[in-house]
Amino acid sequence: MERKELINGGKVKSVYNTTDEDKVIIEFRDDMTAGDGERKEVMNKKGCLNAVISSKIFQYLESKGIKTQFIELLENNVMLAQKLDMIPIEVIVRNIATGSLVRKYPIEDGTKLDPPIVQMDYKDDEFHDPMLNYSIIKALGIATQDEIDILVELAGKVNDALREFFDQAGIILVDFKIEFGRDEEGNIILGDEISPDSCRLWDKETLEMMDKELFRKGKDDEVMDAYLEVYNRVLSDDDKSKYGL
Ligand code: C5P
């Protein structure tokens, strides 16, 4: 599969067309950003860790009947994926209140949310990813009512599956963000990545953070050890000997 022109140079990933018009190559770079891209650092091996962890999670979700754009890893930080028309909505699921939720609403940090909160933000750094509601989504013309219903339903299914996945690794899934796209027939497919960049993950025993929140809090020297710990816990020994990270 040959890489062709860059079609989306994101903050931490680059998406390329390929010689097969139905497939894209997603390169996970070592860049790390926070604050709508205002702070940026390069973290050695981050691209590989996120691509490998995302691949593992996408394969797990496929085994649970959830369609994803993942096809295969071509290199440790290079994913071959189904080409999708991405929907500019960040679907956020929260099992425990923290982050922007407790900054914006009178909910105490650490409160268990049952049922979980499903929230949708408009993916646009210029507007600082404002929260959406059904009427705004329709006014912006970014998704139909049926599609929104599917996003919410899939978000719940992904949450159920991922909570179990991380629980087996001794990790609490606090919250996460996912993105979806449409395939050629208009089916909604899970895309982008699911990694310590896009999830809040806490150690089940110590409640220590194991995700990008460390970077947001300026603990830059702890970030990659935390990502490596997630990698070590969620991948099998066979996988690890294959990737050698
Ligand atoms: O900051 P906030 O509390 O809204 O984040 C909720 C979840 O969504 C966190 O897991 C965070 O990592 C993720 N997120 C993300 N990309 C964004 C905004 C939030 O991955 N642009």
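One-based numbering, in listed order, for ligands and for the atoms of each. Source: prediction; values computed, not measured.
For Lys83 and Asn17, the side-chain atoms include at least one donor-acceptor pair closer than 3.5 Å. With no hydrogens or angles considered, a side-chain donor-acceptor pair links Arg29 and Ser14 at under 3.5 Å.
Within the structure, side-chain hydrogen bond (donor to acceptor under 3.5 Å, both in side chains) contacts touching residues 66-82 (residues at least two apart or in different chains) are Glu62-Thr68. Applying the side-chain hydrogen bond (donor to acceptor under 3.5 Å, both in side chains) rule to pairs touching residues 100-118 yields Arg94-Ser100, Thr98-Asp109, sequence neighbours excluded.
Nearest to atom 8 (O) of ligand 1 among the protein's heavy atoms is Lys177 CB, 3.5 Å. Closest to atom 10 (O) of ligand 1, if we only count protein heavy atoms, is Asp175 OD1, 2.6 Å. When only non-hydrogen protein atoms are considered, atom 2 (P) of ligand 1 lies nearest to Ser100 OG, 3.3 Å.
Within 6.0 Å of NZ in Lys40 there are 12 or fewer heavy atoms belonging to other residues, nucleotides or ligands. Environment of NZ in Lys157: sparse, with no more than 12 heavy atoms of neighbouring residues, nucleotides or ligands closer than 6.0 Å.
Residue-ligand proximity, Asp129 to ligand 1, at heavy-atom distances under 4.0 Å covers atoms 21 (N). Every atom of ligand 1 with a heavy atom of Gly99 under 4.0 Å away is listed here by number and element: 3 (O). Atoms of ligand 1 found under 4.0 Å from any heavy atom of Phe176, numbered from 1 in the order shown, are 8 (O), 10 (O). Interface atoms of ligand 1 facing Asp197, defined by a heavy-atom separation under 4.0 Å, are 12 (O), 20 (O).
Only the side chain of Glu90 comes within 4.0 Å of ligand 1, counting heavy atoms alone; its backbone N, CA, C and O stay farther away. Contact annotation for Arg94 and ligand 1: only side-chain heavy atoms (C-beta onward) come within less than 4.0 Å of the ligand. Here Arg216 has side-chain heavy atoms under 4.0 Å from ligand 1, and that is the only part of it that gets that close.
In this structure, His128 has no heavy atom closer than 4.0 Å to ligand 1. Judged by the shortest distance from any of its heavy atoms, Arg200 lies inside the 4.0 Å radius around the atoms of ligand 1.
Checking each of Met210, Glu229, Lys204, Arg163 against Ile171 for a side-chain contact (heavy atoms from CB on, under 4.5 Å) leaves exactly one that passes, namely Met210. Just one of Lys4, Glu5, Glu27 meets the side-chain contact (heavy atoms from CB on, under 4.5 Å) condition when paired with Tyr16; it is Glu27.
Taking each of Val93, Asp211, Ile92 in turn, the one with a heavy atom nearest to atom 19 (C) of ligand 1 proves to be Ile92.
Looking at heavy atoms from C-beta onward, Lys138 lies in side-chain contact with Gln145 at the 4.5 angstrom threshold.
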